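Contents: one structure, followed by commentary.
Just so it is clear, the values below take in all heavy atoms, side chains as well, and ignore hydrogens, waters and symmetry mates. What you see is a predicted model; the values in this text were computed from it and never measured. Order of listing sets the numbers, starting from 1, for every ligand and every atom in it.
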Amino acid sequence: MGRLFLFPSWSYLPPARCNSSGEGHLELWDSPVPVFPMTTSLDCATPLHVLYPKAASYVLRQRRKLKDVPPNLAGTLVRLSALAKSQKETYFVLTLGGSPLSGSQAASHVSIIVQVPAQLVWHRALKPGRAYVLTNLRVSRVSGHPNRVWRTSPSSHLLPLRLECVHEWDLELDRPLSEADSRPLPMPRNSRNRKEQKDLVRDSRVLSYMGMVTGVLNEPAGLFELDRQLELCLAYQQFPGIRQVIRPGVSLELQDVHLLQSLGGGTTRPVLAPCFRGAVLLRAFSRLKPEIQPSHQTQGASLYKQLLWERQLALPLYLWTVKALMELAHKLCPHVLRHRQFLQHSSPGNPSLALQLLAPNLDVLAPPCSPSWNPQKVILGEPHHCPLQKYTRLQTPCSFPALATVVKEGERRAWDAFDPQALLPLPEASHLTSCQLNQHLSWSWLRLLPSAFQPPQVLLGVLVASSHKGFLQLRDQSGSLPCLLLDKDSRPFSDPQFIGVVVRVERFQLIIERNVKSSYPSWKELSITSYIQKQKARVYVQFFLADALILPVPRFSSPLSTSLTSPRTKPTLPEDLHIAQSRLFFLSHKEALMKRNVPLSPAGSSEMPKLPLSFLVSGSWLGGTQRKEGTAWRPSEPKGDNSKDQKVLLLFVGSSVRWFEFLHPGQVYRLVAPGPATPLLFEEDDPSCMSQRPLELAGCTSCLTVQDDWILELESSQDIPDVPSVNKAETSLSDLFSSNCSDSLVSFSAEILSRTLCEPLSASLQMKPGNAQVARECVKLTVALEIADCQFPPHLDIYINGPHLPPPLGLLPGARVYFSQLEKKISRSHNIYCCFRSSTYVQVLSFPPEATISVSLPHIYLAELLRSDQTPFQATASCHIVCVFSLQLRWVCSHCTSLCVQGRCTLQGSTCPSKTSVSQASLRLLVEDGTAEAVVTCRNHHVATALGLRPSEWTSLLEFVRGPGRIALQFLGTGAHLEPSAKMNDSLALFLRTLCSSISVLRPIVLSFELEKKPSNIIPVDPPRLQRFQCGELPFLTHVNPKLRLSCLSIQETEHTSFREASAFSH
Ligand SMILES: [Zn+2]
Ligand SMILES: [Zn+2]
């Protein structure tokens, strides 16, 4: 060093783009040539007295200081540690072993600490295997290390060893060196004593390796690929050192590195990782041109380092963390955040977003700890002990999939799980006509919980309010996922401040709604997929706000970030709101989001569709317009007519529909209009809005169209005086089920029991000749009303059609929902049902429970059903079949439901294309349980159970009926007689007649049923009638209740089945 050299062959490499160090480097391809002749500093005339390692380690062990010992050591370099740092001092340790003369190479070794700053450059020059002389050393103690060590002094020199120029110092050894003194260099330990360890803990192998770099996996994280089959991790060395030079084509020699295999956590290849003790030596430069690294490949070095050293991550966890950070960066950078910002070093005042997103995982797997790895112990300690020595296979904690992948995966699973035969279990499906069958299949849903994914998935994205669709979305660079958010205690999510935050959620329900258009002729073809004509899936996620980690995005203004976080709005960053005016309003009702014929705002008229999505809210102003003063709002100017009821109707159209999910009745909002004050901005009526809704406006003093650039803020209603208190409107049960239709708008909370797709209610009216092919459909929800003090909640049907389709997110079986302002209607058969209308407001109160609880029906006496109040709609009763009233078996065309004779459709006048027929059965019987009698109607497969027939017997009975097509029997009391019109096999009729009056049908059963008269039916129950009876000579007059009418849901044999078998034997 310090001499003039000529470098004959070299190449200069400029710094990699965005490289944090910003320095290029020279690669010297040939040995430098000294300009002036080199004078060797070893003067062979006066040989230097040196100690060889054996003697040098003996000196260390002596308690007293030995006299006249030369401070020079010679030996072969057997090991070179990495550069390390402790207590702010940088150093490395070189180990000399054996002596070229003694021949016993591995006999002894001695470590020398090099800590003088000017000598640290030796680290690059030293080559293991060569012999060196070090001069002017001293012996000193190292804190935390039991033995004394050799150390260089500022006047030390490093020289190549020339035997002719040194003279071995003859140390007068007091005693012969015992075996223990000349401990051999411990050999790398193989995983031999595995049995002592738990099975999960593995030992790494220490070895040396020579290979070529074939890839740079992640330079800042210190990950490279060796020979296309190994990974090299340099992160466990404190100094990046050689990393900058490493690129494909570089040959490396690795000494004393750890080999770790099957690490888990997504790492498949074996990994070589040097600790402090291992050396990474450059053997040859690369001849390849350096690749230009993408910016994300050059960022994050200090964050990786911070993670590794502060959390002391084991290698499997470190590799997973790097992978997870890359996944996250791929989702968010550069559109939301630049790589540099995302992967920045985390400091208390400026926490890194990446670290916050990983913290929930790392806090469990590697909690932050204070005592850190001590490099000195790792380098000098015998036996060797370091963080890479032992490891456990890592179960991948989680993955952060791209949202587009989540949607795709959800759809794939939904269609994999779609099985018509499972959706329609066989005994029921075999009696359905083609139309019924396809309707049953047309809507179904699948829920995926995080446990359904391996490794568990964590959803992560920026929360965005869609200005096209009105719903909330999680968004990342790959795509978006609609989401439904619920605050705690069934409260709706209503704070617009959350727009643009990063949401990380581990507990969620991924919902996939399947819409299928199919043309199955009958149940027999259900396994053939070609009958599915069209299939469409709607994927969304629902979760509770409390289950999500919400993190604000660090400020960063790029045109892309605004396009992602607040689409279609001009960048409305808070500093733009220095000048603004606002007005508080209290929301009392929100209407449905739908396509309405509203006037277009002049600004966006060209791009908006003819019928834009829009919604209206009604409420009242609280106080007057306020102006911004600094960061606070100035109190509103007092107005003369403050007492006036300031009702207002707000119209949201165009991109302001993005506020839809945030607006909920009972809340106070602040409407902020940025820009200089415009007098009467919030007071003046919007003429176009006015003309639109004359009826609704009757009660409102003003009507306003919310502009695209206006902003909505949630205000805490506690801070504001005079906030009207609003309770959730709930229509009482008596009002709901009254025949009075004058107040036709009803509101209630209910649990959804089922959701089906059906024909529109007024299909025949809507079918115009021109658009007959336009398949109109209608969603029917059956709900159980939530009414206080009601043991058996009544059921009600709600229809959603036309403009309200597809229905809002979250209307799923099992969910609890608050419906406001549904239209109550009465059908021709006097059933009450409800329909969505434009003013309907829907709010999901709870998601379907994750574990479905099967509730058994209440067990009752039939007489309990005669009480008019509080009777269950569905129940179970133990009863006895008294007699059979009628039985009908028939075969119908599955296409047109005409009767089929000999299996052929008998539709008059036209040729029906269908060749498939299905059987249908109905049975009416009388049951009693000692308290009351009831007429029960059984249909299809329930008839077989009612008749006590086995499946094979039932099938052959139906086959007998196929010939005539239909058989109908009427029974009168105990004597049954055949319906005269039907011509049929007499023996079949005889058999059925005998069967229906036999003890194998007339038997005790457990019947599950529902009332034939639905709770929503408003026909009054017939009062008990006076009836005359003759008992011998005496006539009786008595009140007789109308017979109960029930539909069979299922029939079970009683516990005492032996009764039937016993009676069968007796016959
Ligand atoms: Zn180690
Ligand atoms: Zn037909």
Side-chain angles (χ1 to χ4, degrees), residues 78-86 92-95 111 128 145 185-191 201-209 222 232-239 254-261 263 270-281 308-309 312-316 318 372-392 431-438 519-525 890-920 962 965-966:
V78 293
R79 186 193 290 153
L80 182 65
S81 84
L83 275 179
K85 195 180 207 174
S86 54
F92 70 92
V93 177
L94 59 95
T95 307
S111 296
H145 193 67
L185 185 64
M187 293 308 287
R189 286 191 306 158
N190 289 341
S191 46
V201 180
R202 296 153 192 258
D203 284 318
S204 65
R205 276 172 58 181
V206 178
L207 46 78
S208 295
Y209 185 86
L232 172 67
C233 173
L234 298 182
Y236 287 81
Q237 298 197 331
Q238 278 171 313
F239 287 89
L254 308 166
Q255 288 211 325
D256 298 322
V257 289
H258 294 265
L259 174 72
L260 295 88
Q261 278 168 302
L263 295 162
V271 180
L272 283 175
C275 62
F276 292 118
R277 193 182 261 205
V280 182
L281 305 164
L308 184 73
W309 296 102
Q312 306 206 359
L313 301 182
L315 183 68
Y318 175 70
S372 59
W373 294 320
N374 184 347
Q376 217 154 52
K377 269 187 189 166
V378 170
I379 298 171
L380 296 171
E382 290 296 345
H384 179 55
H385 183 76
C386 83
L388 294 166
Q389 210 172 16
K390 296 203 181 301
Y391 63 100
T392 39
H431 301 286
L432 296 179
T433 63
S434 169
C435 180
Q436 290 168 321
L437 208 66
N438 292 316
S519 60
Y520 287 106
S522 78
W523 62 278
K524 285 179 194 154
E525 291 82 12
R890 57 188 202 133
W891 285 87
V892 295
C893 170
S894 77
H895 182 69
C896 66
T897 68
S898 308
L899 194 69
C900 285
V901 177
Q902 306 285 0
R904 226 174 274 152
C905 177
T906 58
L907 182 68
Q908 299 276 312
S910 79
T911 48
C912 176
S914 170
K915 287 193 175 63
T916 41
S917 53
V918 289
S919 60
Q920 289 183 339
R962 198 191 277 271
R966 173 172 181 264

Q: Work out how many protein N, O or S atoms lie closer to the Zn ion (ligand 2) than 2.8 Å.
A: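 With waters ignored, the protein N/O/S count below 2.8 Å is 4.
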Q) With respect to the Zn ion (ligand 1), what is the nearest N, O or S atom of H258? A)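 Restricting H258 to its N, O and S atoms, the minimum distance to the Zn ion (ligand 1) goes to NE2.
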Q | Shortest non-hydrogen contact from S917 toward C900 | A |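 Heavy-atom minimum between the residues: CB-SG, 3.6 Å.
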Q) Of all heavy-atom pairs between W309 and A235, which one has the smallest distance, and what is that distance? A)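 The pair with the smallest heavy-atom distance is CZ2-O, 3.9 Å.
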Q.
Here's a test for you: under side chain to side chain contact (heavy atoms under 4.5 Å, CB included), which of L315, L259, L232 qualifies with V271?
A.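 The option that passes is L315.
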**Q.** Spacing of R79 atom CZ and R277 atom CZ [to the nearest 0.5 Å]
**A.**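 It is 4.0 Å, given to the nearest 0.5 Å.
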Q: Working to the nearest 0.5 Å, report the span between CG of L263 and OG1 of T392.
A: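 Here the interatomic distance stands at 9.5 Å.
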Q | Any side-chain heavy-atom pair of Q237 and P274 under 4.5 Å | A |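 Answer yes - side chains close enough.
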Q) Hey, does the side chain of Y318 reach the backbone of Q312 with a donor-acceptor pair shorter than 3.5 angstrom? A)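 No.
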Q.
Tell me whether the Zn ion (ligand 1) has H385 as a neighbour, meaning an N, O or S atom of it below 2.8 Å.
A.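 So H385 does not count as coordinating the Zn ion (ligand 1).
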